[in-house]
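As structure tokens, the structure follows; a few thoughts come after it.
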Amino acid sequence: MKPVGPIPPGYAAQDVLTVAGRTAAEWAEEGTPLYLYDFAVVAARVAGLRTHLPDAVSLHYAVKANPYEPLVRALAPLVDGLDVASAGELALASRHKPAAAISFAGPGKRDFELEAAIQAGATLNLESEGEAERALAAGQRLGVTPRLAVRVNPDFELRGSGMRMGGRASPFGVDAARVPALVKRLTAEGADWRGFHIFAGSQSLDTAAIIETQAATVALARRLRDEAGAMPPLVNIGGGLGIPYFAGDMAVDVAAVGEALGGVIETFPETRFAIELGRYLVGEAGIYLTRVIDRKESQSETFLVVDGGLHQHLAATGNFGMVVRRNYPVAVASRMANAGEETVSVVGPLCTPLDRLADKVVLPSAGVGDVIAIFASGAYGASASPSAFLGHAPVREVLAGIPHT
Ligand SMILES: *Cc1c(COP(=O)(O)O)cnc(C)c1O
């Protein structure tokens, strides 16, 4: 028997899993597998953050966490900005937010992407000096003053981070020591210099480490400001707030983070700050629902074979950047309160042993037709999975819980 992650608080007390007034079985009737996103959970997340974040800190959504357009459309009015990382995401974001509230990061932006962003008036977070030169040239070609920020490769990293993005050689951002010279070059060339983007890591549940990293990030921005001799209009301090996925994971203390951040930026009053969050806003709002197709025994182990799998939910199978495979929060949707009767593995339909959604977990007895729910599935799900692998139909996505006006 292996442990599972914690079911998010809003669902943990339910017996029959119910989202926006309908049971999981009802949502599943129109076809499985599906990703069900509960917008009420997203809205509550944003509202909670707003009560703790200082007023001088804007809230951005990192679109790559979940680019499902109905979700982006509903979320866009609740956040101050959208952060994108491709021309495709830029086009999506532009349908729901003015360009002035969109920033475009990521290495290897092609000339057509630089031009699309400059033409639209979005901010480019420059990843290298070479990209800076291409952006300046693109602005000249178009006769448009480019809005340019410099992404900094910080000389520290976010401790306890699932994905470290700083403190080492990196494809992301310009090494901190070379940033002042680049800022001087951009302003000398007449660009609209928008400030700094400093992203030190992702998926951290360590409140103290997040506080420490944000303080170091603001201190680095201050040092770069002084060395460049130019006041950044905006400093995007990244995000990094994680969500619980696995047994033992505990939520970040956002009140403590907000309070500490307030103290740190007090001393930097001329600049606006932004945090960019992906999974923290949408991760716990998503549930992957998949139906049991077969139940089989093999060498005294029980397998529930379901219609969903790695091709739609790579992360839950432990194959999206995890070092060790651990179980996501999982339940039988119609019998959540049941403490469990048997040890089973939940496997998908793909012909690879990697296609395992839950490994030796204790669940109430389930059979053909039952719906299995995998929680914490709202980020890096459908769009971060190899959907073409083995030729199954694409996954259904549904947004629930949008308030009717
Ligand atoms: C992916 C990414 C994010 C979002 O990360 P989460 O862990 O989903 O919050 C934020 N900023 C940048 C620059 C990213 O690349």
Side-chain angles (χ1 to χ4, degrees), residues 5-11 19-20 35-54 57-85 89 92-93 95-97 101-103 105 158 161-163 165 197 199 201-205 207 210 214 236-245 249-255 257-258 261 273-288 315 320 328-329 375-384 397-403:
I7 293 177
Y11 305 114
V19 173
Y35 279 98
L36 182 57
Y37 309 120
D38 185 351
F39 193 70
V41 174
V42 178
R45 258 303 149 90
V46 173
L49 267 173
R50 294 278 194 196
T51 61
H52 296 301
L53 281 183
V57 177
S58 297
L59 178 59
H60 291 190
Y61 174 54
V63 170
K64 85 169 187 288
N66 190 329
Y68 181 55
E69 186 148 8
L71 176 62
V72 175
R73 180 188 300 120
L75 178 51
L78 306 189
V79 296
D80 305 302
L82 295 175
D83 293 333
V84 303
E89 286 189 355
L92 165 66
R95 293 195 283 275
H96 306 292
K97 208 78 182 160
I102 299 174
S103 56
L158 173 53
S161 168
M163 251 167 252
M165 312 280 282
H197 177 210
F199 182 78
S202 185
Q203 180 50 24
S204 176
L205 294 170
T207 301
I210 292 169
Q214 290 186 337
N236 178 333
I237 61 169
L241 274 59
I243 61 169
Y245 287 107
D249 283 358
M250 303 254 285
V252 176
D253 181 350
V254 174
V257 170
L261 185 56
F273 290 84
I275 61 167
E276 53 180 359
L277 298 174
R279 77 186 79 219
Y280 187 82
L281 298 185
V282 298
E284 291 189 295
I287 307 171
Y288 183 61
F320 189 59
Y328 265 48
F375 296 89
S377 296
Y380 307 106
S383 70
E397 296 179 273
V398 178
L399 182 66
I402 324 176

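Please read these numbers as outputs of a predicted model, since none were measured by experiment.
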Completion exercise
The side-chain contact (heavy atoms from CB on, under 4.5 Å) partners of A376 (sequence neighbours excluded) come to I243, Y245, P329
Identify each donor-acceptor pair in which a side-chain atom of residues 70-81 lies under 3.5 Å from a protein atom, sequence neighbours left out, and give them as a table.
from : atom 1 : to  : atom 2 : distance (Å)
D80  : OD1    : R50 : NH2    : 3.4
D80  : OD2    : R50 : NH1    : 2.8
D80  : OD2    : R50 : NH2    : 3.3
D80  : OD2    : L59 : N      : 2.7

Exercise for the section: Identify the two heavy atoms, one from E284 and one from Y11, that lie closest to each other, and give their separation to 0.1 Å. Expected result: O-CE1, 3.8 Å
Problem - Value rounded to 0.5 Å, distance of CD in E276 from NZ in K64 - result: 7.5 Å
Fill in the blank from the handout: side chain to side chain donor-acceptor pair (under 3.5 Å) filter on Y68, not counting sequence neighbours, yields none
Practice task
Give the minimum heavy-atom separation between R279 and S202, together with the two atoms involved.
Solution key: NH2-OG, 3.4 Å
Fill in the blank from the handout: Contacts of A255 meeting side-chain contact (heavy atoms from CB on, under 4.5 Å) (sequence neighbours excluded), chain-then-number -> H52, D253
Handout entry: Contact check, side chains of I210 and L241, non-hydrogen atoms, under 4.5 Å
Key = yes
Exercise for the section: Return the set of residues passing side chain to side chain donor-acceptor pair (under 3.5 Å) with T207 (not counting sequence neighbours), or none when no residue passes. Expected result: none
Completion exercise
The single option from N236, I237, L53 that satisfies side-chain contact (heavy atoms from CB on, under 4.5 Å) with F273 is I237
Exercise for the section: List in chain and number order the residues that pass ring pair (Phe, Tyr, Trp, His ring centres under 6.0 Å) with Y288, two or more places apart in sequence or in another chain; answer none if no residue qualifies. Expected result: Y35, H313
Exercise for the section: Examine distances only and state if a side-chain atom of S377 and a backbone atom of F375 form a donor-acceptor pair shorter than 3.5 Å. Expected result: yes
Practice task
Would you please name every residue forming a side chain to side chain donor-acceptor pair (under 3.5 Å) with E397, sequence neighbours left out?
Solution key: Y37
Exercise for the section: List for me each residue that meets side-chain contact (heavy atoms from CB on, under 4.5 Å) alongside A85, sequence neighbours excluded, and say none if there are none. Expected result: E89
Exercise for the section: Evaluate the side chain to side chain contact (heavy atoms under 4.5 Å, CB included) criterion for residues I287 and D38: first the C-alpha distance (whole Å), next the side-chain angles of each, then the deciding distance (0.1 Å), finally the verdict. Expected result: CA-CA 8 Å; I287 307 171; D38 185 351; over 6 Å; no
Handout entry: Non-neighbouring partners of A20 that pass side-chain contact (heavy atoms from CB on, under 4.5 Å), sequence neighbours left out
Key = W27, A400
Practice task
Answer yes or no: is there a side-chain heavy-atom contact under 4.5 Å between L92 and E69?
Solution key: yes
Problem - Side chain to side chain, Y61 and V46, heavy atoms closer than 4.5 Å - result: no
